[in-house]
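Below is one structure, written out as structure tokens; comments come after it.
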Amino acid sequence: MKKVLGAALVALSATLPASDGFAQVANPRNTLVVLREIDSDRYDPPRSTARAASEVIYMMSDTLVALDFDMRTVRPLLAERWEVSPDGKTYTFHLRRDVTFCDGRPLTADDVVYSINRWIDPATRSPARWRAGPVKEVRARDPYTVEYELKEPFAELLYQLTLYFASVVDRNTVERLGQNFGVQGFNGTGPYCWVSWTPRQDLVLQRHPNYRWGPQGVYQNPSPQVERVIWRVAPESQARLAALQTGQGDVTQYIPAIAVQQLQRVPNVRMSRQDNYFWDNFFGFKVDKPVVSDPAIRRAVNMAVNRDAMVRSVWFGTATPADAYLNPNVTGYDAEAARMVPRYDPEGARRVLDEAGWRMGSDGVRVKDGQRASFLVYGLQTQEAQQYLQAMQADLRRVGIDMRIQLWDATVGWGRLATQEFDAFVMSYPYVTATDALSLYFHSRNRPTPNRMNWADPETDRALEEAQIALDPAVRTAAIARVQRIIAQNNVWVPIARQQLWVASSQRVEGVRAHGIYGAGLYKGLDIRLTR
């Protein structure tokens with residue numbers, strides 16, 4: 001990795017691999033070239049949960065409401081204002097009257113109704129359908145008023161409606177392209193319009209000429225400042241960094257962790273960090289499996305792992321050791337639950353195991369009632385996962401626990417992670433609030449995935465449901481705090497790391513500010529401008 005970094009940062013005129021699609025010429029005037037590691041399979045808002053989809057869809061489409069850089073404040077976007085009924089079941093959104101799709105057709109309430117109904121339609125098979133809440137009916141009261149009626153209150157609704165799954169799209173284009181919407185074309189109300197897509201190479205967008213309704217209070221400019229945006233796939237980190245240096249790329253959030261500190265010292269590179277980025281790595285136990293079903297094992301694992309050393313060696317200062325289940329800046333974070341998460345104490349871990357009857361075997365692995373303290377962990381094949389799991393493996397062996405590792409390529413890994421074959425797993429994920437994060441992973445109805453822990457606790461379910469429907473913020477906060485304390489007390493996870501978001505931009509780019517909603521570093525990028 002050091003060799004790769006050195007080649008990228010020193011050889012400013014290096015020849016880049018032809019496979020990455022870079023020509024040895026500077027970027028076209030008023031064209032922003034965004035470098036990224038991977039592509040998405042499609043760009044249809046309700047049908048993909050990939051970060052690679054989100055970062056482009058946010059530029060091509062809009063939602064009723066937007067999320068500010070603090071990751072807490074919901075701002076007007078397509079809806080200039082809204083009201084919520086006293087029972088919390090009906091949201092009335094009043095739309096702007098100056099919005100058009102990229103083809104020039106004016107936006108009306110019917111477009112919003114169509115897009116939401118398409119999102120929640122079982123035929124769409126949206127993996128994010130639940131984020132729309134318990135919808136009873138979405139209807140157009142008049143051409144610029146939308147009523148969003150729920151079967152029961154859903155306190156997360158406004159936050160969820162900031163996510164790209166809730167993007168408003170053009171019905172005519174969807175019906176014309178069918179399953180190829182977001183593959184062969186797209187028509188939204190976003191600041192940029194679809195031009196072309198060559199999978200695994202480039203996706204090209206053109207400035208929406210009518211766009212002037214950027215989210216109030218989020219950006220200084222209501223309109224895009226750049227004429228064209230090219231989203232270019234560059235799988236190799238060396239190619240991305242070298243392209244940034246040589247003027248063949250303008251901006252990227254896909255920066256090797258080892259390169260971040262050095263890039264901050266490079267004169268012709270600007271770095272922007274989002275301090276309120278909610279993307280965490282964790283290690284989860286399948287609590288009904290042998291060995292890890294023992295609370296003493298789970299507690300000892302939490303105590304045996306040196307998170308500080310592990311995060312330093314894997315993320316090189318671009319992540320923070322996770323000492324709690326949630327980021328302390330997220331809405332609903334509970335400090336008392338954070339204090340319940342065990343700290344690094346290998347001697348204490350040995351005492352916990354001794355007291356629970358796990359005796360050291362002749363091979364250095366503990367045994368209890370004929371059962372070896374050995375378990376299997378699954379994960380996706382990434383450099384980060386491989387490195388921190390190997391560090392965990394070494395830490396656990398020192399206290400007498402044998403952890404076996406099986407990593408899978410993503411093409412098959414998600415299927416493997418939906419099985420009962422493993423005892424523990426590793427994952428990273430984005431979230432917007434505490435209720436959002438914990439409802440996804442800990443409600444019993446979400447077994448066997450994404451509740452891969454098979455956690456089924458009636459009190460957890462009751463508290464989650466109370467948090468979801470509570471109209472009083474104090475009641476919601478108290479309920480989600482109970483959830484955090486239950487799962488921390490039971491050591492259902494080992495919190496690993498809270499990742500940071502850094503966005504690097506070249507000398508000719510101004511106005512880049514890292515956002516990070518659903519992992520999208522640029523969001524709408526309305527303040528980005530090019531000096532040449």
Side-chain angles (χ1 to χ4, degrees), residues 45-46 49-51 53-82 84 91 93 95-96 99 112 115-116 119 128 130-133 148 154-168 188-192 211 213-222 224 253 272-280 326-333 429-440 468 473 476 480 498-501 503 511-528:
T49 59
R51 173 167 55 183
S54 78
E55 58 191 7
V56 176
I57 291 173
Y58 276 124
M59 284 193 169
M60 297 193 298
S61 63
D62 291 318
T63 47
L64 286 168
V65 287
L67 195 62
D68 210 335
F69 284 88
D70 63 2
M71 294 293 148
R72 291 173 178 262
T73 306
V74 176
R75 302 285 191 184
L77 186 46
L78 294 178
E80 59 185 3
R81 69 183 193 283
W82 58 89
V84 183
Y91 290 66
F93 295 97
L95 304 182
R96 294 181 62 118
V99 177
V112 177
S115 299
I116 300 297
W119 176 21
W130 66 273
R131 293 182 179 276
Y148 196 119
F154 182 50
E156 294 290 301
L157 182 62
L158 288 176
Y159 285 110
Q160 298 298 340
L161 291 181
T162 68
L163 300 180
Y164 73 95
F165 310 109
S167 295
V168 177
T189 68
Y192 293 93
Y211 196 93
W213 48 86
Q216 302 171 28
V218 180
Y219 292 104
Q220 295 180 9
N221 296 288
Q253 72 179 77
S272 173
R273 189 179 82 177
Q274 165 60 284
D275 292 324
N276 300 313
Y277 185 53
F278 305 138
W279 192 292
D280 293 358
L326 297 168
N327 190 302
N329 293 323
V330 79
T331 300
Y333 172 82
Y429 74 111
Y431 53 98
V432 290
T433 69
T435 305
D436 172 36
L438 302 182
S439 296
L440 174 66
Q468 289 174 343
R476 184 164 60 250
I480 204 61
R498 295 193 289 267
Q499 293 191 34
Q500 297 172 6
L501 173 64
V503 178
V512 170
R513 183 181 176 192
H515 192 282
I517 183 171
Y518 205 84
L522 300 183
Y523 194 23
K524 296 192 175 295
L526 295 179
D527 291 337
I528 297 175

Name all residues meeting the salt bridge (charged side-chain N to carboxylate O under 4.0 Å, His left out) criterion together with [X]; count only those two or more places apart in sequence or in a different chain, and write none if there are none.
X	answer
Arg72	none
Arg476	none
Arg51	none

Non-neighbouring partners of Thr433 that pass side-chain hydrogen bond (donor to acceptor under 3.5 Å, both in side chains), sequence neighbours left out: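 Scan of Thr433 (side-chain hydrogen bond (donor to acceptor under 3.5 Å, both in side chains), adjacent residues dropped) gives Glu156.
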side-chain hydrogen bond (donor to acceptor under 3.5 Å, both in side chains) with Gln499: which residues, sequence neighbours excluded?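 Gln499: side-chain hydrogen bond (donor to acceptor under 3.5 Å, both in side chains) contacts with Asn281.
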How far apart are the closest heavy atoms of [X] and [Y], and which atoms are they?
X	Y	result
Asp70	Asn276	CA-ND2, 3.5 Å
Tyr91	Leu158	CE2-CG, 4.0 Å
Gln253	Leu501	NE2-CD1, 3.7 Å
Tyr219	Gly525	OH-N, 3.3 Å
Leu163	Tyr58	CA-OH, 3.3 Å
Pro224	Tyr192	CB-OH, 3.4 Å

[X] versus [Y]: any side-chain heavy-atom pair under 4.5 Å?
X	Y	answer
Leu522	Glu55	no
Met71	Val330	no
Gln500	Tyr277	no
Tyr148	Val112	no
Leu95	Leu64	yes

Listing request: all salt bridge (charged side-chain N to carboxylate O under 4.0 Å, His left out) pairs with a residue in residues 158-167, at least two apart in sequence or in separate chains.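 Every pair satisfying salt bridge (charged side-chain N to carboxylate O under 4.0 Å, His left out) with a residue in residues 158-167: there are none.
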Ring pair (Phe, Tyr, Trp, His ring centres under 6.0 Å) partners for Tyr431, two or more places apart: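 Ring pair (Phe, Tyr, Trp, His ring centres under 6.0 Å) check on Tyr431 returns Phe278, Tyr429.
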Side-chain donor-acceptor distances from residues 512-519 under 3.5 Å, at least two apart:
unit_1 : atom_1 : unit_2 : atom_2 : d
His515 : ND1    : Ile517 : N      : 3.2
His515 : NE2    : Leu67  : O      : 2.9
Tyr518 : OH     : Thr49  : O      : 3.0

Spacing of [X] atom [atom1] and [Y] atom [atom2] [to the nearest 0.5 Å]:
X	Y	atom1	atom2	value
Asp436	Leu326	CG	CG	10.0 Å
Gln216	Arg75	CD	CZ	9.0 Å
Ile480	Thr331	CD1	OG1	11.5 Å

For [X], check side-chain contact (heavy atoms from CB on, under 4.5 Å) against everything at least two apart and list the hits.
X	answer
Asn221	Gln225, Asp527
Ser167	Pro45, Ile57, Ser61, Thr63, Tyr164
Ala128	Trp119, Ser126, Arg131, Phe165
Asp62	Leu77, Leu78, Thr189, Pro191, Tyr211, Trp213, Lys524

Please assess Trp82 against Val65 for the test side chain to side chain contact (heavy atoms under 4.5 Å, CB included), listing each intermediate value before the final yes or no. CA-CA 10 Å; Trp82 58 89; Val65 287; 3.5 Å; yes
